[in-house]
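Okay, structure first, notes after.
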Amino acid sequence: MTASVRKHTRGWRPALRMSPSGEAAGLALIAAFAMTCTVIATAATAVSLIARLPLVASMFGWCERLAGSSPWWLGVPAAACLAGLLGGGMAVSARHLRARPAKDAPSVVVVDTAQVFAYSLGGRGGQVVTSRGLLEQMSPEERRVIFAHETAHLRLGHHRILWLADLAALNPLMRPLSKRMRFALERAADEEAVRAVGDRALVARTVGRAALLSFDRAPSHALSMDGSGVVGRVEALLSPAEVASPAGPLLASATVIVVACSLAWSQWTHLAGMAHHLCVI
Amino acid sequence: MGSLESEVLMCLWASDDPLSPAEVRAAMGDRLAYTTVMTVLTRLWRKQLVEREAHGRGFVYRPLMSEAELAATRMHTDLRRSTDQEGALAQFVQGLSKDEAKALRRLIGDEGSRR
């Protein structure tokens, strides 16, 4: 992902510019739409199996049209996928609901540890959590950058988009989209930090130094794969403000969604048939 | 917790030294009245989120870990244990691969870990 961001910020001038906030919102819409299509397509295929289950057949009556809508053996993996999606969705949601500050909790918490971290919990009225280990390695201006970045996450309600990104990631085909959403959220908060402190280079240095701090302390835990996008964030901050996120990834995602939706549409009619059947009884 | 209180608290955490109300006001860009800053600091002191010591004719304030923060610390430990790299949290400090670390040092210069 970092390589593709470099390609986009050098040479290719996109016709459509978009702020990171705009991209995050756009991707969130696409993710929500794609997830709905995934659930519908999976459910509609699983219906062919579910409709044949003796319990269901006795409750709703044998529906030839539904049971025959797709081969029953296709319904097996579809039902398994559906169960996985629903179970995974509940696990993701439980995780996110736990990651909220307690009522009447202070807005700022500095954990007394040498570990290096900073994150936010919740939305407006939420909480910024960081560590003594990070703060003492940062200058006062850099600390202000960190607080401004995390406060921006809270103020802009990014916790909801993050939730959506984690739900979307349940579908392996949507993992790149999910990753790009997270990147856009960090970029948006970085730009807000720039607005707060008025210095792009300072924010770039803070983001980079914080990551290098953590890396230097535990290089054995270094990511071997793709990586996190910190380089992309720093490059974007070191570039002038006008080089915003290109619309390329957004258009590519939109194309994939349109194709997926047209495939899902044929299945949607089967679900509609089932709903009609249930009402007719 | 009010947003003014959290802003003032973050101001104190950002500073290396204890701050007087005037210094807090200046650090926040002179947006607030001096009396407002004093009121907020007193409120934070009563909530035991900051401590103060006499300095000249007034006080200087420094942030303090309170009972509420200790509870939040416990929650943090639980969260860290249960969530993985791409968990429910968006971390400011993200993990790096070796190549990324190299690229970053090139971009921002190797200032080392100590400031």
Side-chain angles (χ1 to χ4, degrees), chain A residues 2 95-96 98-99 101-102 104-112 116-120 127-129 134-135 137-140 143-144 146-147 149-151 153 158 162 166 169 182 185-186 204-205 208-216 219 221-225 227-231 234-235 238, chain B residues 1-3 5-17 27 44 47 49 63-66 68-80 82-83 85-115:
Chain A
T2 26
R95 225 169 44 213
H96 276 264
R98 267 206 309 270
D104 301 328
S107 305
V108 186
V109 169
V110 179
V111 180
D112 191 9
V116 167
F117 56 80
Y119 55 85
S120 56
Q127 189 179 68
V128 173
V129 181
L134 175 59
L135 290 189
Q137 298 289 338
M138 297 276 137
S139 69
R143 291 178 206 155
R144 276 196 279 276
I146 295 172
F147 284 133
H149 174 108
E150 294 305 331
T151 312
H153 277 319
H158 285 175
L162 207 60
D166 280 349
R182 281 175 163 262
L185 289 178
E186 293 309 316
R205 273 200 314 277
R209 274 196 60 227
L212 284 171
L213 261 178
S214 171
F215 177 81
D216 287 337
H221 293 151
L223 300 178
S224 50
M225 304 177 308
S228 51
V230 177
V231 178
V234 170
E235 282 181 332
L238 292 175
Chain B
M1 200 182 180
S3 67
E5 287 179 0
S6 59
E7 264 195 80
V8 169
L9 245 193
M10 287 184 204
C11 212
L12 293 174
W13 278 114
S15 164
D16 280 326
D17 312 302
L44 288 171
K47 289 188 187 179
L49 289 169
L64 200 59
M65 277 281 263
S66 67
E69 285 187 325
L70 289 170
T73 303
R74 251 174 271 129
M75 182 189 178
H76 158 80
T77 330
D78 291 332
L79 275 178
R80 292 284 276 200
S82 63
T83 62
Q85 194 87 25
E86 295 262 314
L89 307 173
Q91 298 274 5
F92 183 83
V93 183
Q94 294 178 294
L96 298 175
S97 67
K98 287 207 185 74
D99 292 329
E100 288 183 312
K102 231 190 303 171
L104 270 181
R105 278 190 235 275
R106 237 187 305 123
L107 282 170
I108 63 173
D110 191 1
E111 286 160 46
S113 319
R114 295 230 143 252
R115 59 186 167 92

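Just so it is clear: chains get the letters A, B, ... in the order the sequence lines come, proteins before strands, and each one is counted from 1. These numbers come from a predicted model, not from an experiment.
Atom SG of B:Cys11 and atom CZ of A:Arg143 lie 11.5 Å apart (nearest 0.5 Å). A:Arg205 contributes atom CZ, which lies 13.5 Å from atom CG of B:Leu104 (distance to the nearest 0.5 angstrom).
In this view, A:Asp112 and A:Arg132 satisfy the salt bridge (Lys or Arg N to Asp or Glu O under 4.0 Å) rule, not counting sequence neighbours.
At a 4.5 Å heavy-atom cutoff, the contact between A:Ala118 and chain B is made by backbone and side-chain atoms alike. For A:Leu185, no part lies near chain B; criterion is any non-hydrogen pair under 4.5 Å.
The nearest pair of heavy atoms linking B:Ser6 to A:Val108 is O-CG2, 4.0 Å. Listed here is the closest heavy atom pair of A:Leu212 and B:Ala101: CD2-O, 3.8 Å.
Your options are A:Glu186, A:His153, A:His158, and the one with the most heavy-atom pairs under 4.5 Å with chain B is A:Glu186.
Paired with B:Met10 under the rule side-chain contact (heavy atoms from CB on, under 4.5 Å), one option of A:Val128, A:Val110, A:Ile146 passes, and it is A:Val128.
Side-chain atoms of B:Leu89 and A:Val129, non-hydrogen and from C-beta on, never get closer than 4.5 Å to each other. Taking 4.5 Å as the limit, every side-chain heavy atom of B:Leu96 sits out of range of all side-chain heavy atoms of A:Ser214. A heavy-atom distance below 4.5 Å is not found between the side chains of A:Leu213 and B:Val93. Looking only at side-chain heavy atoms (C-beta outward), B:Glu100 and A:Val234 stay at 4.5 Å or farther from each other. For the pair A:Glu150 and B:Phe92, the minimum side-chain heavy-atom distance is below 4.5 Å.
No side-chain donor-acceptor contact under 3.5 Å links A:Arg182 to the backbone of B:Ala90.
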